[in-house]
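Both backbone and side-chain heavy atoms feed into the values below; hydrogens, waters and symmetry mates do not.
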Amino acid sequence: MSQTIKLSEKNKDFFEHVYQVTRLIPEGRVTSYGAIARYLGMGRAARMVGWAMNACMGRPDIPAHRVVNRLGMLTGKIHFETLTKMQEQLEAEGIVVENDKVVDFKKLNWDPTLELEL
DNA sequence: GTCTTGACGTTTA
DNA sequence: CTAAACGCCAAGA
């Protein structure tokens, strides 16, 4: 019955939350999937964040290039228009990327739970 | 309805 | 320190 609809709405809400948080990432900063997932209450479901990102592809309003894994590696670059697009966009914002990973990632790490102070 | 895959993260060997 | 397995939730085949 309404269960299916209810679930769909809930999922949509989760996706939108991911989009909003990603959109709130300041320029020159990066965050991790796990951080967003935890902020949304998903805890260890960091994969869902990546899944949501894949659905957000095609939207320039969502800086998916600012979202990297916990190691600061550009794991999602393969889903971009080009493999170098992600790195180029990061460098354009002042983020130094080397060997497909963000330099000083720890310093540039932007955690919504901390910055937004839940 | 079941199995596999997936832009991750943590834990154990 | 490195490598592999498990756990998480969702979607596609």
Please list, pair by pair, any protein nitrogen or oxygen found under 3.5 Å from a nitrogen or oxygen in nucleotides 3-7 of chain C.
residue: C/dG7; atom: O6; partner: A/Arg47; partner atom: NH1; Å: 3.3
residue: C/dG7; atom: O6; partner: A/Arg47; partner atom: NH2; Å: 3.3

**Q.** For A/Glu98, salt bridge (charged side-chain N to carboxylate O under 4.0 Å, His left out) partners two or more places apart
**A.** none
Q: May I ask you to list the residues sharing a hydrophobic cluster with A/Leu83, side-chain cutoff 4.5 Å, ordered by chain and number?
A: none
Q) Which residues pass the salt bridge (charged side-chain N to carboxylate O under 4.0 Å, His left out) test with A/Lys85, sequence neighbours left out? A) A/Glu81
Could you pull out every donor-acceptor pair under 3.5 Å between side chains of residues 27-38 of chain A and any protein atom, sequence neighbours left out?
residue: A/Arg29; atom: NH1; partner: A/Lys107; partner atom: O; Å: 3.4
residue: A/Thr31; atom: OG1; partner: A/Trp110; partner atom: O; Å: 2.8
residue: A/Ser32; atom: OG; partner: A/Ala35; partner atom: N; Å: 3.4
residue: A/Tyr33; atom: OH; partner: A/Val67; partner atom: O; Å: 3.3

**Q.** All side-chain hydrogen bond (donor to acceptor under 3.5 Å, both in side chains) counterparts of A/Gln89, not counting sequence neighbours
**A.** A/His65
(Q) At a heavy-atom distance below 4.0 Å, what parts of residues 85-94 of chain A sit against DNA chain B? (A) none
Q. How would you label the contact of A/Ala52 with the nucleic acid (heavy atoms, under 4.0 Å): base, sugar-phosphate, or nothing?
A. nothing
Validation: residues 53-62 of chain A side-chain donor-acceptor distances under 3.5 Å, sequence neighbours left out:
none

Q.
Taking C/dC6 as the reference, what is the distance to B/dT4 when you measure between their P atoms (whole Å, please)?
A. 14 Å
Q: Please list residues of residues 69-79 of chain A whose heavy atoms come under 4.0 Å from any atom in DNA chain B, ordered by number; otherwise none.
A: A/Asn69, A/Arg70, A/Thr75, A/Gly76, A/His79
Q) In chain order, what residues pass the salt bridge (charged side-chain N to carboxylate O under 4.0 Å, His left out) check against A/Asp100, with sequence neighbours excluded? A) A/Lys77
